[in-house]
Amino acid sequence: MSKKDKFKYKYVGNSIPRIDARSKVTGRTDFIKDMQFPNLLHAKMVLSPHPHAHIQNLDVSKVKRSSGVVCVLTGSDVPHENQVGLIIKDQPLFADKKVRYAGDAVAIIAAETEEEAKSAESKIQIDLKPIRTLYSAEKSFNSKRTLIHPGGNVLSHLKIRRGNHANPLKSAAVTVEASLKTPHQEHAYLETLGTVVVPHKDGSVTVYGSIQCPYYVQRSVSEVLGIKFNKVKIVQAATGGAFGGKEDVPSEICSRVALVAVVTGRPVRLIMSRAEDAIYSSKRHPFEMRYKIGAKKNGKLVGVIAEQYAAAGAYATLSPVVMFRAVIHAAGPYVIQNVKVDTYACYTNHPPSGAFRGFGAPQSAFGIERTMDLLADELGMDPIELRERNILRAGDRTVTNQLLSQSVGLPETLKLVKESSLIKNKKRKKQTGRYVEGVGTACMHYGNTLGAMGWYLDAAGAHVQVHRDGSISVAVGITELGQGSGTTLVQMAADAFGVKTERIRVLEVDTSYVPDSGPTVASRSTIMSGNAILNAAEQLRPSLSKAAGRLLKIAPSKVIFKNDRAYNASGKGKSLTFEAVAENAFINNEKLAAAGWWVAPYSQWDIKTGMGSTYFAYSFATHAVKVRVDTLTGKTKVLEVVAAHDVGKAINPEGVRAQSEGGIVQGIGYALYEDLQFKDGKLMNPYFSTYILPYPEETPKITTLIVEEIGPDGPYGAKSMGEPPIIPIGAAVVSAVSNALGVQFREMPLTPERILRGIGVLKNG
Ligand code: MOS
């Protein structure tokens, strides 16, 4: 019997309300800023004003004498390791020789009040000798003279070589070529980065933080303080959004604050202002791309060549793994025999580019999907029809030669979109007048969880305890960031025990309860924690069945749990409350707590050719977008989106729709409005008044259609849904604008200026 058949689903598949909704909307949830600590110090980081310079002198003596200041630390004060970095140790905790972006941390100040920390900041004296700067990835790639790091500017080069990769377009009847660009994107989580570190007398520390990845923070703090992991306890505070922006960035911040806490012996808090957060923290990688694609006359793809240059910013941070996702997804969800992809990450003098919902896949989707539209034009074929002829279906191989034997819901998503009224009613005539409308489509696939490059940490735990009163505590290592994973855990746990959801309490994430469960990234929450909870529940079933069997006077194997009670599977006799079972198990000394553990199925790839089974499962989606463009002002309004998503089993359909809507709105911002402006390396628009996000008025009607191609390894058949909605939407919006105006755009964001230039109203330059 498979895992899926074992349980009656009472909650899985139903849209139960969010468990955290009430406390969040009533303001009762405590975020870092709401948490009270006695004797608290307030910390502030000093950020470099210059994007690339040698530090000739750093003098903090005036800061130290400033009113209320208790502690100032720079690179020379770090007792153990001043070089940090999750994958490549290229980042000083405090820049001491060189600064590499305007926002690089050079010092930390702690004072009795926030105001005193702030006023001390301006008293720092830094003498900088500027160095030539690099902002474009391609320019950095080609630069021989200016090196941002001594090892060279290219920090990662990944590739795919398949079939006739020397000449992939050889047998093509039609080819097209495109240069494409995608921008930075700011995470714009509502709660800025923040932490409190409490030092203890035994030399241990407790770190509270608005964080995605407690185990990353634990490792970093341990290395920087030079103390063992078991003396570093990380407790995730309620976290007001993250989107990748709190994946690795909190590690450095918490480590700096932990140093201050240990040096002063007092709890220390650091909460960034919106502007500091925007200036300092990571962004989505901007990509410069060149695609060439070739097809037969009938539209069948023959080959693709893609070059992607990603601007990594000042430090490597997560770039090598973002590039892994970018390269694997670069050629889209299509069957293509001849493939040559080269993906480079190059250092630039901007904030480090890092994790952001989609993790390289939205950029790749923009590259391949826009190129597919150009090819459709060239072939005189409907873009949906071109996709229909090439999409992955069950039994096909991906461009890395991975056989997808099942759970490929892409054809169904494309079919649903094609049959939607948005596509069926689309205008075919050329439009005139001030306002023009257009429709665009894009597809995507998304490899679930960490994939071959991250397989070594793709496991997760759950500590599950049944109490004698029949209540159940669930602790996991994967965090709730606002995505709603806490609610899906309650549903999955309740169905695993056959009890009502009211019995389940999900505890705050604390590294001292649950072993390292890897990072909360890669849309892995439901799959990883869900499977770990199922594993723990299986371990506890014998205790519960024995107790129920004893009370019902039947063999334990005859007991079933459902509807919050224990029954004789034969249907005969009486039934028991879950409380009675738990109490009986307890007084018979049965084991009632278990450490669940789940390891992702093995994935592997060959770094020389890019061939391999890169992810154990894929989610799929097709989006269609309708826009209206004002040809006088260049402003675009998205009128409607239809989004069909293959998510495997939808544990909470309303949660799936919420992810879809959130990702789509975030992607509309990416495609049309969000435009980080740097001048000489300095961020000019670090506020939401000038960095324009989509507001409710810009939110279109969104219809989410759920396709459930069961994922054989997911809990109850679930697959990933956190990141997928933002992956195709940018390409689909730009496709719709291009369709409206009859001009193929190749760059985001499509600001009014760029649109007016595209249609020749504004001149270039
Ligand atoms: Mo996420 S962008 O994989 O932190």
Side-chain angles (χ1 to χ4, degrees), residues 86-87 182 184-189 191 193 209-217 220 236 239-253 281-287 310 312-313 316-329 345 351-365 444-455 457-458 460 477-485 509 517-529 600 603 614-615 617-619 659 662-663 666-667 669-670 719-727 729-730:
L86 192 61
I87 298 169
T182 64
H184 275 117
Q185 189 180 16
E186 169 62 30
H187 300 89
Y189 30 64
E191 185 202 20
L193 291 156
S210 177
I211 56 179
Q212 276 179 251
C213 304
Y215 304 94
Y216 282 177
V217 176
S220 174
Q236 185 219 6
T239 297
F243 308 113
K246 295 172 186 171
E247 178 173 344
D248 60 320
V249 174
S251 301
E252 312 137 21
I253 297 173
S281 72
S282 70
K283 315 281 173 247
R284 187 187 295 291
H285 288 80
F287 271 46
T317 66
L318 291 158
S319 286
V321 279
V322 176
M323 295 310 113
F324 173 72
R325 199 170 274 287
V327 76
I328 299 305
H329 293 79
S353 300
F356 193 144
R357 196 176 196 171
F359 213 72
Q363 296 94 321
S364 284
M444 76 103 218
H445 66 323
Y446 177 83
N448 290 191
T449 87
L450 299 175
M453 212 162 159
W455 183 82
L457 45 72
D458 213 358
I478 296 199
T479 51
E480 167 70 77
L481 312 163
Q483 79 274 45
S485 69
V509 175
S517 300
T520 305
V521 301
S523 308
R524 69 197 281 276
S525 313
T526 299
I527 294 175
M528 303 304 294
S529 289
S603 303
T614 45
Y615 294 92
Y618 293 84
S619 302
Q659 283 289 5
Q666 203 169 31
Y670 184 43
K719 297 196 288 189
S720 294
M721 184 51 186
E723 293 164 282
I726 205 175
I727 296 171
I729 184 70

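Just so you know, ligand 1 is whichever comes first in the structure, and atom 1 is the first atom listed for that ligand. Computed over heavy atoms, backbone and side chain alike; hydrogens, waters and symmetry mates excluded. We number each residue from 1, following the sequence as shown.
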- Message: Please check whether F359 reaches ligand 1 - meaning an N/O of the residue sits under 3.5 Å from an N/O of the ligand, judged on distance alone.
- Response: no
- Task: Please write down residue, atom name and distance for the protein heavy atom closest to atom 4 (O) of ligand 1.
- Result: E247 OE1, 2.8 Å
- May I ask whether K246 places a heavy atom under 4.0 Å from ligand 1? no
- Task: Give a yes-or-no answer on whether the side chains of S720 and S523 include a donor-acceptor pair shorter than 3.5 Å.
- Result: no
- Under 30°, 30 to 60°, or over 60°: which ring-plane class applies to H445 and H329, parallel, tilted or perpendicular? tilted
- Out of F356, F243, Y670, which residue meets the ring pair (Phe, Tyr, Trp, His ring centres under 6.0 Å) rule with H187? F356
- Message: Keeping E247 on the side-chain end and V521 on the backbone end, is there a donor-acceptor pair under 3.5 Å?
- Response: no
- Task: Provide, to 0.1 Å, the distance between atom 3 (O) of ligand 1 and the closest protein heavy atom, together with that atom's residue and name.
- Result: A522 N, 2.8 Å
- Separation of F324 CZ from Y615 OH (nearest 0.5 Å): 4.5 Å
- Task: Could you tell me which atoms of ligand 1, counted from 1 in the order shown, lie closer than 4.0 angstrom to a heavy atom of G244?
- Result: 2 (S), 4 (O)
- Task: Provide the number and element of each atom of ligand 1 under 4.0 Å from a heavy atom of F356.
- Result: 2 (S)
- Would you mind running through ligand 1 and noting each atom that sits below 4.0 Å from a heavy atom of R357? 2 (S)
- On a heavy-atom basis, the closest approach of I478 and S517 is CD1-O, 4.0 Å
- Message: For ligand 1 and Q212, I'd like to know whether there is a polar contact (N/O to N/O, distance under 3.5 Å).
- Response: yes
